[in-house]
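Computed from a predicted model, the values in this text were never measured in an experiment. Whatever order the structure lists ligands and atoms in, that order sets their numbers, starting from 1.
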Amino acid sequence: MPKYKAPRGTYDILPGESYKWQYVRALFRQTARLFNYREIETPIFEDSNIFERTVGDTSDIVEKEMYKFQDKKGRIFALRPEGTASVVRAYIENGLHVKNNTSKLFYLGPMFRYDRPQKGRHRQFYQYGIENIGSVSPYIDAEVIALADHFLKKLGLENYQLQINSIGCENCAKDYDKALQEYFSSYRGELCADCQKRLDKNPKRILDCKVKSCQKIAVDAPSMLDYLDNDCAANFQALQAHLEEMEISFKINHRIVRGLDYYTQTAFEFVDNNLGAQNTLIGGGRYDGLIKKLGGKDQSGIGFAGGFERLLLAMKTEKIGFATEDIPDLYFVNIGSKAQKTGIKIMQELRQNDVSVEFDPDRTSISSQMKAANRAGAKFCLILGEDELVKKRVILKDMASGVQHEYPLDSIISEIRNRLASS
Ligand SMILES: [Zn+2]
Ligand SMILES: [Zn+2]
C-alpha cells in the first residue's frame, strides 16, 4: 500500500492542538461581536476573475501563488487566496448595502496560496478578518484598528507594535508614482526581473518585493507621506488623533504598502517583536474602487486580516496558556454485563444533562478501565459493578484527590452535576 501524506504545505490540526484553535477562534468571534460585526461565510473557491480583477494581476498572489482549476464545463475557478474579494462579492450579490448603509462583516476560514512552505507559512492557511464597507470616516479606520488591538490584547499578547501609514489615493499616486519611477529608473539593471516590469506598470509594488537586493534599493525610495494631497493628509491626521483618544500607541512606518492593488489611504500592520522575518500578525487598510470593480456601487471599505498560525506561534513565544484541553468530565468504569445495562442508561441521562462521559466497552477489567480513566484526564470516575448494582449504589471517585464515596443510584445525576458546578 502507498503511504498517503497530507499535501505539501498543508497539515492536520490534531486533537492535541484543536482546542487551542477553538479557543482563538472563539475569542475572535467574541471580539468582533463587541464591535457589532457579524459573521459571513463564503465558498472557498470563486470565479478566478474576482481575484485577478481585485488583488491585481501584477501581484505575486495572482501571478504565482493562486490555485486555479477548470471545472467540467471549462469554467476557471480559484481557491481563495484571501478573504476580502470574496466578502465584497457576497456583499454586492446579496445586496447587503440596501439594508444598512454600513456593513460590518467578519470571517474566518482557510485560504490557499502556492507558496514555498516555511515556518509560519503554509499552502492552506487559516485567516480571520473583518470588513467595514460604506463609511469614509477616519473614525472607522481607528475603530477597525482598535478591534484588532483588542483581539491581540485579549489573547494576552504584549510584545507587538502597531505601525500605520497612508498610501494616499489615485490623486496622490500620480505624483508619487512619477517620483518612484524616477528614483528606481537609475537602478533598473539591479532590480529583479519582476520589479523591472513593475517599474513601468506599478512602481509601488517594488517597495513590497521580497528580493533582498530590491529591498536594499527601496530603503531610500521617496515616501508616500511627502506626496499626500490635502484630503489624504487630513484623514491621516484624524486617524492619529482618534488612536490617541483610544490610547492605542502606534508608529508611523512609511514603508507599509500592503501586498494588494486595491488599497488606498490608511494601511496598517501589527508586527510581533519576537517572530523574526515573518512577523506581521495582522495587516489591513482602506480600499476604494474595489467594490465598484466587482460591479457594486462606488463605496469605500476598510478591513484587516491575520493568520491563525502566526498568532499561535506568537502566543507560544510569549508562553501564553490556553483554556484547558478538551477532557471528559467523567469516565465510566462498568464491570459485568448486568451492571453495563444500568450503566448505559445512566450515561444516556448524564449526557442529556450536559455531562461529558467516556466509556470503553472493549476494556473489561477494573484496572484497565481505571488506567484509561487516568489517561483520559477525566475529573471523575463513576464505578458500577455487580456488588454496587445489588445495593442500588454507585461509587464516585474524584480523580484529583483520589477520594471516593458511595451514593444511591437514583441521586447520582444530581450529585455529579453539583460537583461539576462547584469544581
Ligand atoms: Zn489623496
Ligand atoms: Zn524585486
Side-chain angles (χ1 to χ4, degrees), residues 55-65 113-116 118 121 135-142 144 164-242 252-268 277-278 280 284-293 298-302:
V55 176
D57 50 14
T58 56
S59 68
D60 272 357
I61 295 177
V62 164
E63 278 187 339
K64 303 174 192 159
E65 298 170 359
R113 287 184 202 175
Y114 193 82
D115 203 354
R116 195 170 60 83
Q118 49 187 298
R121 198 179 266 265
S135 171
V136 291
S137 165
Y139 167 76
I140 294 296
D141 299 43
V144 162
I164 61 169
N165 189 26
S166 174
I167 51 179
C169 65
E170 267 184 349
N171 184 39
C172 314
K174 277 184 231 149
D175 286 342
Y176 185 51
D177 283 357
K178 240 182 261 159
L180 283 180
Q181 273 162 346
E182 217 163 89
Y183 174 80
F184 283 117
S185 288
S186 48
Y187 299 97
R188 188 181 275 272
E190 296 161 57
L191 293 169
C192 73
D194 285 336
C195 284
Q196 293 190 7
K197 270 189 265 168
R198 289 167 182 149
L199 184 50
D200 304 313
K201 266 174 116 178
N202 195 342
K204 244 186 272 165
R205 176 109 315 124
I206 302 174
L207 301 172
D208 220 20
C209 182
K210 288 168 195 151
V211 177
K212 280 246 158 68
S213 51
C214 295
Q215 288 180 345
K216 235 179 171 174
I217 298 169
V219 169
D220 294 319
S223 159
M224 181 79 225
L225 294 178
D226 297 327
Y227 291 83
L228 294 181
D229 56 25
N230 288 340
D231 277 358
C232 289
N235 258 312
F236 193 47
Q237 283 305 322
L239 165 66
Q240 292 173 58
H242 287 313
I252 293 173
N253 177 359
H254 72 91
R255 303 193 22 81
I256 298 176
V257 290
R258 308 288 308 137
L260 311 178
D261 267 353
Y262 48 68
Y263 283 103
T264 49
Q265 294 189 333
T266 302
F268 63 92
Q278 302 291 332
T280 306
R286 181 167 281 284
Y287 44 87
D288 283 337
L290 173 63
I291 298 141
K292 206 173 162 191
K293 247 185 191 167
D298 195 3
Q299 278 179 306
S300 182
I302 178 165

Rounded to the nearest 0.5 Å, how far does CD of Gln215 lie from SG of Cys195?
-> 9.5 Å
Do any N or O atoms from the side chain of Gln237 and from the backbone of Ala233 form a donor-acceptor pair under 3.5 angstrom?
-> no
Heavy-atom donor-acceptor pair, Gln196 side chain to Leu191 backbone, under 3.5 Å = yes
Here the vertex angle at the Zn ion (ligand 2) for SG of Cys214 and SG of Cys209, given to 10°, is 110°
Separation between CE of Met224 and CG of Leu180, rounded to the nearest 0.5 Å = 8.5 Å
Can you tell me if Glu170 has an N, O or S atom under 2.8 Å away from the Zn ion (ligand 1)?
-> no
Between Cys172 atom SG and Asp229 atom OD1, the angle centred on the Zn ion (ligand 1) rounds (to 10°) to 90°
